[in-house]
Amino acid sequence: MSDLALFGGEPALREPVEMTWPLISDADVARVADAARRGEISYDASEGFVAELEEVFRARLGRPYALATSSGTAALHSAFFGLSLGRGDEVLAPTYTYLATVMPIVACNATPVLVDAEPDTGNIDLDDAERHVTPRTRAMVVTHLSGHPVDMERVVRFARRHGLKVVEDCSQAHGAASAGAEVGTRGDVAAFSLQGRKLVPAGEGGMLATSDTDVYERAVMLGHFAARSEQEVHTPRRVPFAKLGYGLNYRMHPLGAALALGQIERLDQHLDWRAATFAAYDELLRETPGFAPAPRQAHVTRHGGYSYQPLYDPAAWGGLPRSVFIEALRAEGVPATVPSSPPLHREAFFTHADTGIETFAVPPDRHLYRAGELPASEAYVASAWRLPAYPQPLSAEKLAGFAEAFRKVAAGADDLRRYGEIGAVR
């Protein structure tokens with residue numbers, strides 16, 4: 001029997017590698033505390049820390065408009081609403097993404113049309129998107145999943161060919177770049193999440209960015225009634241309605257903006273640190289039989305570092321189930337995990353005619369999805385596994401522990417297969 005920790009041997013990593021995120025500096029704390037002491041806890045318009053944060057996003061992305069929101073979901077809703085999507089409109093959307101990418105389309109009474117995933121990244125598959133275009137298709141949304149940017153040059157060409165607007169969901173990819181262009185700069189409108197796990201955390205918050213005045217004014221009126229709408233909506237036919245707007249409150253909390261300011265100032269440093277961790281993973285996995293680094297497509301000039309996701313190939317392990325592979329790594333002290341959510345087309349909302357949400361104008365003849373209908377996304381979820389995206393470079397000692405864990409699991413593959421067979425019989 002091998003010396004695998006799963007079978008009673010000493011683990012390769014005897015102490016867990018702690019991951020702390022977000023990294024809150026003393027200056028971050030002081031900025032937030034000072035604002036709280038001054039009673040700067042609510043804004044009616046673009047002012048104070050919210051205005052500062054919006055200006056940082058405008059300058060970084062080179063876009064004339066940035067709108068801080070209460071969440072990334074609110075930013076996405078504002079983006080779809082800003083494009084004037086409504087009943088009868090269809091929006092191409094990735095099936096493998098977080099629900100917030102897609103459900104705001106439903107909130108606009110438009111219809112999301114789910115598209116399969118690329119087999120290596122899980123991002124939207126533009127080849128598959130072609131077959132879903134209809135005369136009702138008006139827009140598409142792409143998610144830069146796990147920090148791996150979508151090939152935006154291809155997206156823009158596809159959208160122009162079909163006359164579609166493009167929404168970029170950049171929630172997991174702050175600072176990532178495709179063909180030298182940072183995410184959020186190529187689509188008609190972009191949305192960012194500033195939730196606590198994201199690369200620019202505000203606790204809760206979001207940001208919309210666009211160069212389109214019409215999109216921006218509609219987004220402002222959706223969630224920023226009264227003072228901000230009156231100040232920033234100038235299209236004559238909208239001006240009489242600016243005070244009331246459209247009645248939602250999507251304003252960002254000033255203390256969240258204060259926290260995010262320090263985070264975005266250090267974004268490039270954090271991305272460099274994560275890139276060093278990912279490069280170390282690449283080298284360790286490349287050097288260990290049976291393992292392979294996380295895929296990286298040629299157009300990627302900067303990864304967003306949100307998650308490191310290699311693919312598991314059972315054939316390379318003689319049919320060893322992924323579950324046993326992960327169990328063995330975790331026993332060695334490597335906190336490996338697997339995706340926890342299915343593609344959206346396997347969720348009840350997309351498989352049942354009765355959605356339980358009577359408020360939304362869901363078309364009675366809408367398409368209901370079946371298992372296996374978007375197979376690449378299902379295969380991706382079944383093969384992807386994750387290593388933690390530590391925000392600071394790992395020490396040589398910890399990397400040596402990871403290397404030893406990978407070596408032990410590879411060397412013990414035969415014993416793991418027998419273990420898996422016994423478990424399957426049980």
Side-chain angles (χ1 to χ4, degrees), residues 92-99 101-102 112-133 140-159 166 168-173 176 178-179 183 278 281-282 285-286 288-323 325-326 336-347 350-351 369-387 389:
L92 302 180
T95 188
Y96 190 55
T97 186
Y98 186 57
L99 61 90
T101 307
V102 173
V113 176
L114 301 180
V115 177
D116 212 349
E118 293 179 332
D120 54 346
T121 68
N123 280 335
I124 191 169
D125 183 348
L126 294 178
D127 292 331
D128 186 63
E130 288 280 358
R131 70 185 178 98
H132 298 286
V133 177
M140 67 183 303
V141 56
V142 299
T143 301
H144 303 292
L145 192 67
S146 302
H148 191 293
V150 175
D151 186 342
M152 287 305 297
E153 289 187 334
R154 283 193 66 200
V155 168
V156 170
R157 288 197 301 270
F158 177 92
V166 176
E168 288 185 72
D169 182 354
C170 308
S171 298
Q172 297 184 1
S178 170
V183 300
F278 283 20
Y281 285 158
D282 285 347
L285 294 177
R286 195 177 292 115
T288 310
F291 288 87
R296 183 76 60 89
Q297 294 177 348
H299 66 89
V300 178
T301 45
R302 192 179 205 183
H303 196 281
Y306 187 73
S307 179
Y308 186 89
Q309 297 203 164
L311 301 178
Y312 180 70
D313 181 7
W317 295 82
L320 177 70
R322 183 184 61 170
S323 59
F325 168 84
I326 295 295
T337 58
V338 298
S340 57
S341 299
L344 291 179
H345 74 275
R346 299 308 307 134
E347 296 284 4
F350 294 97
T351 60
Y369 294 86
R370 305 177 308 278
E373 188 170 347
L374 301 174
S377 65
E378 295 177 28
Y380 181 80
V381 172
S383 64
W385 61 286
R386 293 173 178 158
L387 290 170

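The structure presented is a predicted model; accordingly, all values stated were derived computationally and were not measured.
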In this structure, CG of Asn123 is separated from OG of Ser146 (nearest 0.5 Å) by 8.0 Å

Minimal heavy-atom distance between Pro149 and Ser178, with the atoms involved, is CB-CB, 4.1 Å

All heavy atoms of Pro94 vs all of Val141, minimum pair found to be CD-O, 3.2 Å

- Just by distance, do the side chain of Arg346 and the backbone of Ser341 share a donor-acceptor pair under 3.5 Å? no

Applying salt bridge (Lys or Arg N to Asp or Glu O under 4.0 Å) to Arg302 and not counting sequence neighbours gives Asp268, Asp272

Sorted by chain and number, sequence neighbours left out, salt bridge (Lys or Arg N to Asp or Glu O under 4.0 Å) with Arg154 holds for Asp127

Residues passing the side chain to side chain donor-acceptor pair (under 3.5 Å) test with Tyr380, sequence neighbours excluded, are Gln309

Contacts of Phe278 meeting ring-ring contact (aromatic ring centres under 6.0 Å, His included) (sequence neighbours excluded), chain-then-number -> His303, Tyr308

Taken in chain and number order and not counting sequence neighbours, the residues that satisfy side chain to side chain donor-acceptor pair (under 3.5 Å) with Glu130 are Arg161, His162

For Tyr369 and Thr351 the tightest heavy-atom approach is O-CG2, 3.5 Å

Residue set satisfying side-chain contact (heavy atoms from CB on, under 4.5 Å) with Pro321, at least two apart, ordered chain then number -> Ser323, Val324

Across all chains, not counting sequence neighbours, the salt bridge (Lys or Arg N to Asp or Glu O under 4.0 Å) partners of Asp282 are none

Across all chains, not counting sequence neighbours, the side-chain contact (heavy atoms from CB on, under 4.5 Å) partners of Asp128 are Val115, Asp116, Asp125, Arg131, His132, Leu374

By side-chain contact (heavy atoms from CB on, under 4.5 Å), Thr337 pairs with (sequence neighbours left out) Arg330, Arg386

Handout entry: Criterion side chain to side chain contact (heavy atoms under 4.5 Å, CB included) on Val142 and Phe158, from CA distance to verdict
Key = CA-CA 12 Å; Val142 299; Phe158 177 92; over 6 Å; no

Minimal heavy-atom distance between Ala389 and Gly305, with the atoms involved, is CB-O, 3.5 Å

All heavy atoms of Pro310 vs all of Leu285, minimum pair found to be CG-CD1, 4.0 Å

Here the gap from Glu378 atom CD to His345 atom NE2, rounded to the nearest 0.5 Å, amounts to 3.5 Å

Between Ala316 and Gly290 the two heavy atoms that sit nearest each other are CB-O, 4.1 Å

Should Val381 and Tyr96 be marked as a side chain to side chain contact (heavy atoms under 4.5 Å, CB included) after you check the CA-CA gap, both sets of side-chain angles, and the distance that decides it? CA-CA 9 Å; Val381 172; Tyr96 190 55; 3.3 Å; yes

Around Tyr98, counting heavy atoms of other residues, nucleotides and ligands shown, do more than 12 lie under 6.0 Å from its OH?
no

- [ ] For the pair Met152 and Val166, evaluate side chain to side chain contact (heavy atoms under 4.5 Å, CB included) and give the outcome as yes or no after the intermediate values.
- [x] CA-CA 10 Å; Met152 287 305 297; Val166 176; 4.2 Å; yes

* Where do Glu347 and Leu99 land on the side chain to side chain contact (heavy atoms under 4.5 Å, CB included) test, with the steps shown first? -> CA-CA 10 Å; Glu347 296 284 4; Leu99 61 90; over 6 Å; no

Are any non-hydrogen side-chain atoms of Val150 and Glu168 less than 4.5 angstrom apart? no

Ser383 meets the side-chain contact (heavy atoms from CB on, under 4.5 Å) criterion, sequence neighbours left out, with Leu311

Paired with Thr143, the side-chain contact (heavy atoms from CB on, under 4.5 Å) test is passed by just one of Thr97, Ile124, Val102, namely Thr97

Q: Please work out which of the three classes, parallel, tilted or perpendicular, describes the rings of Trp317 and Phe325, given edges at 30° and 60°.
A: perpendicular

With sequence neighbours left out, the residues meeting side chain to side chain donor-acceptor pair (under 3.5 Å) with Arg370 are none

The side chain to side chain donor-acceptor pair (under 3.5 Å) partners of Thr121 (sequence neighbours excluded) come to Glu118

Could you check whether any side-chain N or O of His148 sits under 3.5 Å from a backbone N or O of Gln297, counting only pairs where one atom can act as donor and the other as acceptor? yes

